[in-house]
Amino acid sequence: MEVISQDRILDINIGPQHPSTHGVLRMVVSLCGETIININPIIGYLHRGLEKMAENRTYLQYLPIVDRIDYLSGFFCSYAYLNGIEKLLNITPSEKAKYIRTITMEMNRITSHLLWLGCFLMDLGASSPFFYAFIEREKIIDILEDLTGSRMMYNYYTLGGVKRDIDIDILNRIKEFSDHFETALKEYEDLIEGNPIFLSRTKNIGLINKETANQYSITGANLRASGIKKDLRKDSPYLIYNNIDFEVPVLNNEDSFSRFVIRIKEMRESKKIILQCYNWLINHIKDEEIKSNINFMHIKPEGKVISEVESPRGLLQCIIHADGTKKPYRIKWRTPSFYSVQLINNLAKNYKLPDLMSIFGSLDVIMPEVDR
Amino acid sequence: MIKSFILPIKELIKGLYTVFKNGFKKRVTLEYPEKKKLLNNNFRGKINYIKENCIKCGICQNVCPLISCIKIDTDFSIDLSQCIFCGNCVENCPKNALYFTKEYELAVNNKEKLILKEDN
Amino acid sequence: MSIFYLIYIEFMIRINAPHWLIFALWHLISFIFIAILLVITVIILVLFERKYLAFYTRRKGPNRVGTYGCLQTIADAIKLLFKENIEPKNIDKMIYYTAPLLVFSPIMTVWFLIPFTSGIIPFDSSCSLLLFMAILSIPILATLFAGFSSGNKYSLIGGLRACTQAISSEIPLFLCLISISILSGSMNLDSIVKMQNDSIFQWYIFPNILGFIIFFISALIVMNRTPFDLPEAESELTAGYHSEYSGMKFAMFFLGEYALTFILSAFIATLFLGGYNSPMGFYISDLLNLPIIFQEFLKNIEQFIWLMLKTGILILIIMWIRASYPRLTTEKTLIFSWYILTPLAIFNIFIMAIYKLLRSIL
Amino acid sequence: MFENLKNKFEILRESEYQQDIHSFYIKKEDILNVLSYLKNSPSYLFERLDCIYTVDINNSFEVIYVLQSDKYNTKCTINCNISYEEEMPSVTSIYSSANFDEREIFDLFGVKFNNHPNLKRILLPESFEGHPLRKSYKMQDERLRWNNGSN
């Protein structure tokens with residue numbers, strides 16, 4: 001790469017208010033003509049100080065704030081937080097509570113992947129798949145709204161289980177949704193997967209090989225697209241993932257097209273998991289015990305715990321240091337998008353400006369997770 | 001060579017066809033002011049307060065994640081402009097003095113109206 | 001000459017106006033009539049596109065203003081009219097203000113070349129194809145001006161992209177025009193339409209199917225429509241070359257783009273699909289035996305309807321493509337147009353020459 | 001499993017997380033070669049650094065490196081106690097994912113990492129003075145002060 005003289009470089013910032021930065025990320029991109037020389041991501045525009053807020057709130061007061069860490073997958077964050085506290089107080093949730101948690105988490109994974117699908121294709125210019133993805137997503141959100149009471153900030157999990165039981169008609173709506181969902185997925189594949197324009201935009205662009213993936217501790221679908229078969233639900237199964245059969249899709253041609261295909265496959269896997277949870281839950285409607293009877297207000301846990309969960313964007317860890325008082329001493333959130341943001345610089349070097357959109361879109365980065 | 005030329009054309013036509021197929025499906029727009037979405041009673045809308053049940057125990061104030069959203073000292077007041085409708089206070093109130101309504105249109109022209117006093 | 005011209009001449013002689021006034025007034029009237037026609041079709045087109053895209057994405061489209069949203073574009077135009085005229089600080093004032101003019105005026109003039117009906121030909125010249133080529137390269141200048149003069153990096157990149165893309169797509173466009181003039185033997189649009197008049201198989205689309213495809217694709221690139229709409233790609237450059245324009249200036253760009261779509265699809269209709277000829281070879285108005293003067297009038301109307309029908313179908317296809325395809329990058333558009341479209345266009349000229357030779361021998 | 005780690009390096013103290021994750025306290029000086037040893041030695045292969053975080057315990061920092069190995073599917077953490085003004089060696093040469101982590105720790109805690117590529121504030125604006133996540137950080141904004149222990 002020959003040295004480019006300074007006056008031929010144009011620095012533009014794809015700034016905080018920009019249609020395609022998935023929130024408020026600012027990228028100072030230095031261009032020579034249209035090829036990208038250097039990207040300097042500047043984050044911090046959505047920093048709400050969630051870790052400092054944990055230090056002066058009791059465990060119950062911090063619970064609603066936990067949904068806002070990654071507002072597209074609220075269930076995963078609240079599960080990571082509560083799983084940590086349950087480990088400290090060694091409470092084990094009942095079998096039914098585990099199933100309800102799994103079914104709601106998998107539905108949340110589908111909504112988060114659908115939103116990513118819509119925004120990714122809108123970045124590349126196709127406007128109609130955005131609406132198809134949101135029509136499907138709206139169906140799930142209606143079900144979750146009737147179950148938990150709100151569309152995104154669920155606050156539905158509590159110590160040892162869930163706050164409210166699932167009744168018959170919500171289960172039937174879930175069943176009817178997952179039957180119809182296969183045709184919707186088929187439609188996305190028809191519309192996009194073979195399309196030569198889409199292939200030329202995403203085929204072998206933004207390659208993450210195995211070393212950089214490990215070096216930058218990338219997790220989730222971006223990692224599985226580079227050939228490393230690593231999914232928390234299989235390696236250390238939590239909840240009920242050990243007695244559910246689903247396979248983890250792995251591709252190894254490392255480009256943003258395989259990241260697209262992997263996420264479509266993951267949605268299919270989540271549909272299978274939902275169906276199996278539905279079959280178990282249908283004939284366990286009657287048993288009542290869905291949460292522990294310990295009063296959440298007066299718990300005083302003690303010790304250190306790392307609780308992990310496989311969120312739609314990767315490995316989400318909530319590390320709690322509790323010192324026996326009512327308030328947690330220190331909570332650290334290890335969020336997956338924080339590490340995929342670092343990757344953009346050496347991923348999108350000397351590609352063209354429009355390719356930056358397809359690389360950054362395929363990484364599925366969400367800014368509340370990065371800034372916390 | 002022909003294969004690599006005909007296949008993209010077929011895929012492009014398939015893309016057009018799926019968009020065309022979608023044209024004849026049911027519309028999904030919901031004209032908001034005229035037709036409203038029906039909500040079930042789990043919905044977390046505006047919080048109402050029953051004066052008789054309340055024993056002024058202060059649990060709702062301790063449970064609320066916000067700083068000055070619920071005040072309980074002499075008379076009871078909720079600042080709806082701050083409230084995030086998380087439902088902590090409604091669940092942990094021992095005497096069920098607070099309950100959720102299905103009202104979510106809370107646009108007012110001055111903020112004082114959003115502070116729910118005891119009377120209303 | 002057409003029926004309207006006869007009525008007009010008779011009326012003017014009765015009030016014995018001078019000769020030069022008759023001639024000048026006639027062109028003025030036809031200019032005003034056709035300008036209004038163009039503005040109306042553009043307004044309808046903007047609303048139609050929003051409704052049409054909504055139809056494909058299972059939405060309803062604008063239906064608040066007017067009964068079925070019919071006044072929506074007029075409301076938008078009025079809103080743009082009353083918007084404050086924001087002028088950024090470090091702009092090159094002179095070029096900044098000529099850019100919107102340069103978009104709309106050439107499209108108005110190109111609109112004159114199209115023969116609407118056998119009676120009404122606003123501007124009949126022996127080399128109207130050449131005129132079409134010359135005038136149609138002016139709007140590209142407008143995007144260049146807008147991009148470079150508005151002093152903002154995004155529009156600079158948008159302007160750069162617009163020029164490279166337009167230059168690379170003009171050449172296959174004009175090569176296809178040459179293949180048409182080989183077939184018809186003349187550059188005059190009216191004679192081209194008359195050569196295709198007796199039945200659907202006479203249309204130039206059948207011998208010249210390759211030219212039709214190339215012309216259609218390069219017209220897409222010139223119009224900056226998806227999948228080649230890179231100059232104002234929202235996801236990267238906020239709004240491309242017209243991001244610094246607000247109010248009526250933005251309306252000029254916005255309506256100019258739709259007018260260009262309408263003009264180019266009207267040209268494709270006249271060149272390849274036999275302008276105002278009916279596909280069955282005869283006109284319905286010939287069948288019902290009415291008095292001559294009335295029947296002539298009905299024939300003109302019916303020819304105009306045929307032309308608008310063909311243009312409408314083409315616009316439907318263009319918007320359908322917009323609804324279903326992502327965007328190409330600049331590099332791939334240039335490779336596509338230089339390596340694939342231009343050689344094919346040149347090859348197509350040879351085919352048409354050989355076809356013409358064979359037809360003249362047999 | 002960690003026998004040859006123990007006899008190769010001098011471990012000050014050992015403690016445990018709730019679910020059998022071992023953590024080893026080591027001196028600040030040999031952080032670099034402990035991590036590179038753990039990463040490259042065939043018996044451990046900890047090639048993924050999940051995250052680095054800091055806890056402000058009785059006014060001294062404890063910088064904790066959470067490591068993860070895919071081959072043996074185990075996790076371990078390397079801890080290191082330093083006082084407020086001490087400097088830490090930067091591990092971006094071994095794990096380049098530590099770049100943003102260390103910048104965030106510098107931003108919120110004030111721990112300086114020497115030979116870090118560009119050690120600047122990452123989450124807070126440049127003009128922000130003070131490091132908020134320290135226990136001694138006094139919040140100037142009166143409204144945010146929690147209603148001092150009424151529960």
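In the text below, chain A, chain B and the rest are named by the order of the sequence lines, each starting its count at 1.
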In terms of heavy-atom contacts, C:Arg327 and A:Arg201 come closest through O-NH1, 2.8 Å
All heavy atoms of A:Asn195 vs all of C:Ser324, minimum pair found to be ND2-O, 4.1 Å
Structural part of A:Leu31 lying under 4.5 Å from a heavy atom of chain C: side chain
Between C:Ile157 and A:Ile12, does a side-chain contact (heavy atoms from CB on, under 4.5 Å) hold up when you go through it step by step? CA-CA 10 Å; C:Ile157 295 178; A:Ile12 68 169; 4.1 Å; yes
Around atom OH of C:Tyr97, are there more than 12 heavy atoms from other residues, nucleotides or ligands closer than 6.0 Å? yes
Going by heavy atoms in the side chains, are A:Pro354 and C:Arg161 under 4.5 Å from each other? yes
If you apply the rule side-chain contact (heavy atoms from CB on, under 4.5 Å), what do you find for A:Ser128 with C:Leu53, and how did you get there? CA-CA 8 Å; A:Ser128 47; C:Leu53 286 186; over 6 Å; no
Name the region of A:Leu10, side chain, backbone, both or neither, that has any atom closer than 4.5 Å to a heavy atom of chain C. side chain
If I compare all heavy atoms of C:Ala323 with all of A:Ser127, which pair ends up nearest, and what's the gap? O-OG, 4.4 Å
What part of A:Phe198 lies closer than 4.5 angstrom to a heavy atom of chain C: side chain, backbone, both or neither? both
Do C:Arg58 and A:Phe131 form a cation-pi contact, if we require the NZ or CZ to be under 6.0 Å from the six-membered ring centre and within 45 degrees of the ring's axis? no
So OG1 of C:Thr330 and CD of A:Glu34: to nearest 0.5 Å the spacing works out to 4.0 Å
In A:Leu121, A:Leu124, A:Asp123, the residue satisfying side-chain contact (heavy atoms from CB on, under 4.5 Å) with C:Pro326 is A:Leu124
Distance col, row C:Lys332:NZ vs A:Asp355:CG, nearest 0.5 angstrom, shows 5.5 Å
Heaviest contributor of heavy-atom pairs below 4.5 Å to chain A, chosen from C:Tyr325, C:Tyr56, C:Phe336, is C:Tyr325
Can you tell me which of A:Ile135, A:Leu356, A:Ile192 forms the most heavy-atom pairs within a distance under 4.5 Å of chain C? A:Ile135
C:Lys153 side-chain N/O to A:Asp11 backbone N/O, donor-acceptor pair under 3.5 Å: yes
